[in-house]
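Residue numbers start from 1 in every chain, and the chains themselves are labelled A, B, ... in the order their sequence lines are given, proteins ahead of strands.
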Amino acid sequence: MAVMEPGQTLTTISATIAEETLNPGRRLWWWGGFLIAVAFTALFVLAVEYLFIAGVGIWGIDIPVAWGFAIANYVWWIGIASGGTIISALFYLTQSEWRSAVNRIAESMTLFAAAAAGIMPILHLGRPSYFYWLFPIPNTMGLWPQFRSPLLWDFFAILSYVTASVLFWYLGLLPDLALVRDRAPTYRRQLFYGIAALGWTGSHTQWRLHKTAYGLLAALMAPLVISVHSIVGLDFSGGLLPGWHSTQFSPFFVFGAVLSGFATVLLLVIPVRRLYRLEPYITAHHLNLLVIFLLLCSLLLAYSYLIDALLPFYGSDRYERAVAMHRFTGEWAWSFWAAVVLNVVVPQILWFPRLRLRLWLVLLVSFGVVIGMWCERIMLVASSLYQDFMPSAWGHFSGTVWDWSTLLGSVGMAAAGFFLFLRYVPVVAAYELKELLPPAERRG
Amino acid sequence: MSGIAAEFAGEAALVAAAHRLREDGLSRIEAYAPYPVEALDEILPRPRWPLPVLVFVAGMLGLAGGFFLQWYGAAVSYPINIGGRPLASWAAFIPIAFEIAVLCAVTAGFVGFFALARLPAPYQPIQALPGFERASQDRFFLIVDAADPRFDAARVTSAVEEFAPCSIVPWPS
Amino acid sequence: MTPIFGPAANLVAKLVLLALGGCLVVALFIGWVGPSTEWATRVGYPVEQPVPFSHKHHVGGLGLDCRFCHTTVETSTTAGMPPTHTCMTCHSQLWTNAEMLAPVRHSLADGKPIQWVRVNRLPDYVYFNHSIHVAKGVGCETCHGHVDQMPLMEKAQTLRMGWCVDCHRDPRPNLRPKAAEFDMGWQRTADTPSGDALFKQNHIHTAAELTDCSVCHR
Amino acid sequence: MTGRFWWRSLAERADDPAYLAAIAHEFPEPQSPEGVDRRRFLQLMAASAALSGLGGCSSLPAEHVVPRVEPLAGEEAGVPRYVATALVQQGYATGAILQHRDGRPVKLEGNPDHPASLGASDATMQAAVLDLYDPERSAAVLSGGRIVDWEKLSLLLAEKRGQWAKSGGTGLRILTGLVASPSLAAQLAALLRQYPNAAWHQWEPLSRDAVAAGATLAFGKPVEMLPRFDKADVVLAVESDAISGAPGHLAFARAFAERRRAAETGGGRMSRVYAIEATPTLIGGAADHRFALKPAAIETALRAIAAATGAGPKEWQGSDRPGWVDAVASDLIASKGAALVHAGPEQSPAIHALVHAINRALAAPVRYVEPVAAAAPGIAALTGEMHQGKVETLLILGGNPVYDAPADLGFAQALGRVKLSVQLGTHADETAARVTYHVPALHAFEDWGDGRAFDGTAAIVQPQIRPLAPGHSAAEMIALVAGRQDFDARKQVRDHWRQTTPGDFDTAWEDWLRQGTIPNTASADTPVAIRADFAAALPKPDAASGLAVLLRPDPFLRDGAQANNGWLQELPRPLTRLAWDNAALVAPATAERLGLKSEDVVEIAADDTAKVRLPVLVLPGQAEDCVTLPLGYGRTAIGAVGRDVGVDVAKLRRAERLWETAATLHPTGETAALSMTQHQQDMAGRDIVRTRALAEAGERHDTVAASLYPPYKYDGNAWGMAISLSSCIGCGACTAACQAENNIPVVGRDQVMRGRAMHWIRVDRYWGGEPQAPDIAFQPVPCMHCEDAPCEVVCPVGATTHDSDGLNVMVYNRCVGTRFCSNNCPYKVRRFNFYGYSGSDPRPAMAWNPDVTVRGRGVMEKCTYCIQRIRETKIAADRDDRPIADGEIVTACQQACPTQAIVFGDINDPKSAVRTRKASALDYALLEDLNTRPRTTYAARVLNRNPAIAEG
């Protein structure tokens, strides 16, 4: 399997990719999808506005389950976001050629997923208007944030991650914006893409600098994404709750994040490839590799689940054991078993190479993983909280209509962003594809 | 910058032409390509970019600054007993220091790239070259600067012509 | 191809970058300095009152002690605002027909209190106790300023948390001997016990104790 | 024009009323979050969208300082004042001291000098403050639902007076509750002398008539028996309310607990307590042995014990008595002179008579006094006359008989035959809707009066505040009927006491007001002797039959009069942990037999007309084949707080048998969710409430807690708390007092069901052992103030931190509401304002404690060890340059606690009470393996089991 189908030239690559952006034609699927996404975004806005008016009481959270959907959504989204960064940064460092065709889609997905993730902790706050108190900025009170809190670590991690992701994405996009600029048929578009391209000419000086900068950023992004998910894991394991207080949470969260990231990338790449007729560039080879990585992450996650489930019974902590039993059989057991089935059991069918190429099946498995990962997040939040140390304080938890609206609305919001990306930005890194051409074919 | 502009259809010709000109002792040469042409790295003069150093220094400053910020805030400016933990809980300060370091390094890399590349500069005179819009698509351009001490228009033209350029024009035309 | 932008575009681009950076700097500066401006803190702005009571006249001119009106300053959380009755102890004899004092007379006649406008308004969620500050040697002037020079009362200090905490970290410079607490314009002399001596003598708590959150927030 | 001018003019806008109104509602908080209708919702959405950009431009509106016109003697602004009074509940007075802030009573404490309080208080007393401020209190004379002039009614009565003067008051009837007020009793007596043909009846829904009837059976006269728990080595409690509801229960509980924690302090001998009861009580929870018996079996057991102790004939011993009866009897006999039996008012007169006989036989440490309350005929006679049309004018001076009179009397129908009926009541209640005139009653804190405690001690009830709304009192009504034009409540009381006081009355009066008691008014012991025919006169016991339905007062709502009190409604009931709900309490075995589980709705029918439908709660410790129904619920006419809360079971009451009825129970197949604050009923095998046998109480179980961190030094004060689990009886007074002191909002039934109750100190209740005969353990859980607090480390903004004296403090205004602290609190003592609860709280602005922040929406809160009290005392001590004395700082929970289970103080002070308590070998930290190093520790519960029973 090749990274690119034969018969491609510099000219065809330029034309295919730039024209998708410049002359998309009448695309009913785009409008349909975008409007649905906008409708869900409206639901999100409604849910958030009512949240700001009435308070977090509109959600199902209580004491003892003081964290609910907002945190689960946050962890879920940030995990999904990891997919783009891993593909574009980590595989850049390993010089995996196949990443070039899918990294733009994956990175853009990262941006919108990270944005959806970044909103959640603010919505989660009882007093969201004071979120800026987490910044260490001089103030008339002479106060500082509390640097020992995993939540503050998380705040900084998200801040760094979102900023770095945007910069990395834009840096990688710059030459392609110039490509679109140079093919733009109207002055307005020339102006738009011209401003966005910032004067990129493709001089060798620029290319050399670009390569250095991109490599440096990729080298920084790779540990950053690992640290972000480790810190997200610490949001939980930094607490003393049975079911949270576990040394394996950081790698566990990285595995889960990458699994959901790959699943989401597959979920987006497969339809985009078809709709944009990108089959020459995103070949079966790409999909096969992505699926294999999905399977690998699924196995890593299975290992984490196994440890998480068995460790309480290896040790002597009765609270850990109780929480493990709640996970297996308690009122949130469905979320545990859904996570196990969707994230671990079902993906095992991808061991069969022939099934890996059945795209509808891969789509289905990926979708299952995305759902399964959300189940895992809510399982970690709810099943550890609702029955912890003091039996007298045990409680219940269930989501309300506003919880679900926020979740679905955030999906709509991220999707709307992604649709705009599809419409206005080259969906594949053209210059990287060109590099993949055999030397003999590198001519126009 | 003024001199001679040559347009090539393929990477190989560009590289060969550039190689030839360098052998002729010309150094003020710039190439334009739709993707980074690795072979040119060895041929065209290699400036010493301080970008990695810049990123490293920014990262280290971020790390030190991150630690200092936390230590100053938690142990000096307003020391508060938090859950019986030491005021300078250095271990707990690692994650934020790391994140600040990465943020500083990434920002330095990004800003440094634009500063060294002298971007943004939307007006690029080279774009006036006929057909230059294909430089980002499927054509390769070589510009030899007349200011080069060893510049000789005729010699350059004849040297380049060996590599079958699509066109050779004086530039600016 | 024709360039999209003219040569001026590069200058514009740099100016735009510069302007964005400038906006950021200005915003930071406003955020930093703005809250400390007198307009924001209201320090030094005389406040209109229903009766233009002059501390300058009563304290500076007549030499009334603070405690003549603010009777509970040594015993209560609040210094105490004088009831109309207190005004009338003198003004039933003096200036009995002054137009300026009509609201005071009406208050007494109708039994309706005078609605003074608060000048020294603490931030919300702060529990301040006058008596302990007086007991430990903080003079009125330290927080309320030269009231004997204020024809109309005005705020003398920011009353912000940072300001409070500054003194709580080290109250020594602001301590006075008991006898001078109610004086205006008091100056430390050679005979005055040092701040440190007063600090020890009054058994003032350590900075760590005085900066506990619950000292002010409950 | 300068920039300065422009700024100034903007600032001046702050005085524009329209602008002020606009920003005041900039971020409106919904009053009832669940009650936002669609229209209002859309308005709010639009408003918030419109105003979202305006947030930055608001400036503070001007605030006014409003001094008095004339100084008030004795008042110092900002300094609390304390005023003694007495609170009369179910006829009996308990001394109280009210804390006043700027003229407003905001917090009630028990009066240490009053024998019925000894400084303690209970939940209903604490809640009295909220009653005072109840905005839904009746404020106008009503007739047929319309507001009428008081003058109209007084003219009408004046007209009537003419007729009564001629007829001697024929057709005039007065109905009151139990009257133990000497001045009111005298006034009534005088009225009856004035109108000899009139009559006065008493009706107390929580009647203690059976107690009096039992004494009459035993002694021939209705004396009251006062147990001396301080002298009792062995106690047999027969569904006793001695420490939960009886007049004087606070004093009894104090003495009871002192003997229960003897092992902790090492002083004296620990008492042994047996309880036999059909439905669990607080004293049953505290008992060493508890036997759940049906009412009929209780009498059988008591007869057997009477026989064994020589108080009754040998044949009472019976042949098939369980083994423990003999063991209990021999234990009682072995402690002769120091063993006592006490029975609750719901027990039959026969049981009370048996109790008296046994106590006499045991020479029990009890006192006998003459009844404190005046005697008057009951409601049954009155209703009979009303039905016959003999009652022309009926004055109901307090009380709500339409709701709470025994259903078989048909009081409401009888009322229809009364020409003129006038009710004095606090709310426009069920009775108010059916009388010709409803007159708003003054609250006890708004009026003069007097009252007597359980031991006869009299106290003056003095007003704490001017009436918040126009109202009238029973004394005023009687004076009106008597034709006295110049009624003055204070004069009325003074005149009464002047007659009995020799010497300088004014000085004495001032002393009484200050102390809150009238000295030397306690009743003397009265001699009693068992009637010779006692055994023979005892009514034959009922044949045990079918299902017994027990009607019992709700622990907090009692008879339902305080049903509009949010604090009481929301206070979890000690045993059921229900709030805002009543349920049919059924034993596990009975539930299993009937195929019932908790929250199944059943229909309980005494006959065709008397039926109730309510959900079941399976309650361990309940006797089999007994269903207990709590009274006081299902009010249909009262304020919005109390309306339609729970189910009215009073309709099953019979005048002859108020407390028990035979009934059938049918499952309906429906279910109804119960609002409960505790879902897990046992300790799940965890070491939460530690229990030790008395013999092992002195063994030390020390654990060494290692830490990676260098310890902080707390050199100054180091505040700590010790809670004695042997002393805690689970009464909930701490929770109620905390709610009052710390401005804890009421959240309502829906929020309680969602697990969002706000109480800072909860009293956990665990069942242990067998479900049929469980051990009941109570555990008050406030914030532990851990030295290595897990909550603090996870807060990203440092809103919860440590003080130099080791307090875990919560800075509300710094809190952004991440709620991680609550997650990370292993004790789950943190509470979160999911909505703006304080904004929708029934407490009006003037009733909040000004020393405590009223928390807004979205912030976390928790127990502060009453930081406001600590700081106030610390400032006072620093001002005087002296150390803080031990016991000078008392937390609200500690102050209210009737059993002194809670002790607070400086653990650095070697002589402090808290240090002494913590030195006990029984002292342990909750979840100590987590090494949070709590400042709150517990003394393990000690049980003094009878080896003869434990082994058998």
Practice problem: State plainly whether the residues D:Lys874 and D:Glu888 are in salt-bridge range, i.e. N to O under 4.0 Å. | Solution: no
Within the distance-only criterion (no hydrogens, no angle test), does the side chain of [X] pair as donor or acceptor with the backbone N or O of [Y] below 3.5 angstrom?
| X | Y | result |
| --- | --- | --- |
| B:Arg22 | B:Ile43 | yes |
| D:Ser920 | D:Thr916 | no |
| D:Arg831 | D:His759 | yes |
| D:Asn717 | D:Trp719 | no |

Quiz item: If contact means a heavy atom pair closer than 4.5 Å, which residues of residues 785-817 of chain D contact chain B?
Solution: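 Interface residues of residues 785-817 of chain D: D:Glu787, D:Asp788, D:Ala789, D:Glu792, D:Val793, D:Thr800, D:Thr801, D:His802.
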Quiz prompt | Contacting region of B:Ile96 [heavy-atom separation from chain D under 4.5 Å] | solution = neither
Quiz item: What option among B:Asn81, B:Ile80, B:Ile82 has the most heavy-atom pairs under 4.5 Å with chain D?
Solution: B:Asn81
Self-check item: cation_pi(D:Arg935, D:Tyr714) dist<6.0 Å, angle<=45
Solution: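 Yes, cation above the ring, under 6.0 Å and within 45°.
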Practice problem: Mind checking side chain to side chain contact (heavy atoms under 4.5 Å, CB included) for B:Tyr72 and listing every partner two or more places apart, or none if nothing turns up? | Solution: A:Trp144, B:Phe68, B:Val76, B:Ser77
